[in-house]
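Read the structure below first, then the notes.
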Amino acid sequence: MTTEDCQRPPQGGLFQGELGDSVKKISRLVRAAVVGALALGGVVAGTSNVSAATSNWGCRSERTGSFADAGHGIHLDSCIEDQWGNNGSGFYARIAVTLDPGSGSAHPAVFPCAQLWKSDGFGGWSYVHDYGCMGTWYGPGTNDAIWISDGGQNYNPGSGAYVVRVGFWATINGHYGYYGDVESPVASVW
């Protein structure tokens with residue numbers, strides 16, 4: 001092949017009236033893919049919680065390499081876990097907390113909690129389940145306090161995409177309230 005051959009349009013193919021045949025082939029492939037997706041969607045949508053499976057569970061720190069810095073020396077990890085390791089039907093929450101040493105208002109004690117949220121599929125999230133709180137206040141210098149919700153029992157939410165959101169009760173700058181919003185990876189039930 002010479003450089004002159006590269007500058008010429010190819011012979012035959014789309015330049016010789018085969019555009020219609022190519023479009024027909026693509027159209028048939030697209031229709032087959034749509035029908036297959038609809039059939040699979042019907043199977044997935046009809047799955048009950050009892051036979052559902054999960055995927056993509058784990059901890060924020062496993063994906064990012066670190067706990068989330070919530071400010072004031074507070075570091076949180078949010079995990080969405082499947083009790084049966086990809087064969088379960090729901091999730092439990094796991095929280096890990098590390099607090100920098102120090103004292104005073106710059107280093108508040110925290111009372112961490114976790115909730116399960118579901119995606120609406122359009123960028124919005126709705127509250128589904130309250131896993132509760134760690135059950136004790138953690139002060140400065142706490143290193144990797146870990147809590148598992150409900151003794152590791154799954155909450156079975158039904159099919160969809162979910163995150164565990166972790167926050168904490170604390171008094172920061174003289175204001176008592178609920179702070180933080182550390183999200184786990186998005187996990188799915190189908």
Side-chain angles (χ1 to χ4, degrees), residues 49 52-190:
N49 279 350
T54 61
S55 66
N56 300 325
W57 44 273
C59 296
R60 177 197 184 279
S61 63
E62 293 167 349
R63 303 297 199 295
T64 65
S66 64
F67 285 16
D69 182 353
H72 303 278
I74 303 163
H75 309 278
L76 299 171
D77 197 12
S78 177
C79 307
I80 187 165
E81 301 285 353
D82 172 10
Q83 183 178 18
W84 304 111
N86 259 0
N87 294 316
S89 58
F91 305 106
Y92 67 90
R94 183 162 48 102
I95 302 172
V97 180
T98 297
L99 302 172
D100 292 347
S103 61
S105 62
H107 298 279
V110 299
F111 193 78
C113 306
Q115 304 84 35
L116 185 66
W117 290 73
K118 181 179 183 178
S119 171
D120 65 5
F122 300 100
W125 294 87
S126 60
Y127 167 85
V128 175
H129 179 68
D130 184 4
Y131 284 114
C133 299
M134 289 179 79
T136 190
W137 285 87
Y138 291 91
T142 299
N143 190 20
D144 288 335
I146 296 175
W147 175 78
I148 296 173
S149 67
D150 306 321
Q153 296 301 307
N154 282 356
Y155 171 75
N156 300 317
S159 62
Y162 297 88
V163 296
V164 167
R165 287 183 171 173
V166 171
F168 56 91
W169 293 98
T171 300
I172 296 180
N173 298 324
H175 297 24
Y176 178 75
Y178 192 75
Y179 299 94
D181 183 16
V182 178
E183 293 184 355
S184 69
V186 176
S188 300
V189 176
W190 67 94

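Residue indices begin at 1 and follow the sequence shown.
If you take CE on Met134 and OG on Ser149, they are separated by 11.5 Å, rounding to the nearest 0.5 Å. Taken to the nearest 0.5 Å, the CD1 atom of Ile95 stands 11.0 Å off from the CD1 atom of Ile146. Going from atom CG of Asp181 over to atom CH2 of Trp117 covers 8.0 Å, rounded to the nearest 0.5 Å. In this structure, SG on Cys79 lies 10.0 Å from CZ on Arg63, to the nearest 0.5 angstrom.
Shown here for Pro140 and His107, the closest heavy-atom pair between the two residues is CG-O, 3.0 Å. When all heavy atoms are compared, the tightest approach of Trp147 to Cys133 is CZ2-O, 3.3 Å. Considering all non-hydrogen atoms of both residues, Thr171 and Pro108 come closest at O-CB, 3.5 Å. Among all heavy-atom pairs drawn from Ser78 and Pro185, the shortest one is O-CD, 4.2 Å. Counting all heavy atoms, side chain and backbone alike, Ser66 lies closest to Thr64 at O-OG1, 2.9 Å. Between Arg94 and Glu62 the shortest heavy-atom distance is NH2-OE2, 4.4 Å.
Inter-residue side-chain proximity for Tyr155 and Val128 is flagged as met; some heavy-atom pair is nearer than 4.5 Å. A 4.5 Å side-chain heavy-atom check between Phe67 and Asp144 finds at least one atom pair inside the cut-off. By the 4.5 Å heavy-atom criterion applied to side chains, Trp125 and Val186 are counted as neighbours. Using a 4.5 Å heavy-atom cutoff, the side chains of Leu116 and Ile80 are in contact.
Taking the six-membered ring for Trp and thresholds of 30 and 60 degrees, Trp137 and Phe111 have ring planes inclined between 30 and 60 degrees apart.
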Check against side-chain contact (heavy atoms from CB on, under 4.5 Å), Tyr179 and His72 = CA-CA 11 Å; Tyr179 299 94; His72 303 278; over 6 Å; no
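Under a 3.5 Å cut-off, the side chain of Tyr178 and the backbone N or O of Gly167 do form a donor-acceptor pair. Here the side chain of Tyr162 pairs no donor or acceptor atom with the backbone of Phe91 at under 3.5 angstrom. Distance alone, capped at 3.5 Å, places no donor-acceptor pair between the Arg165 side chain and the Ser184 backbone.
Tested against His75 for a side-chain hydrogen bond (donor to acceptor under 3.5 Å, both in side chains), the candidates Asp100, Thr98, Asn143, Thr142 yield a single pass: Asp100.
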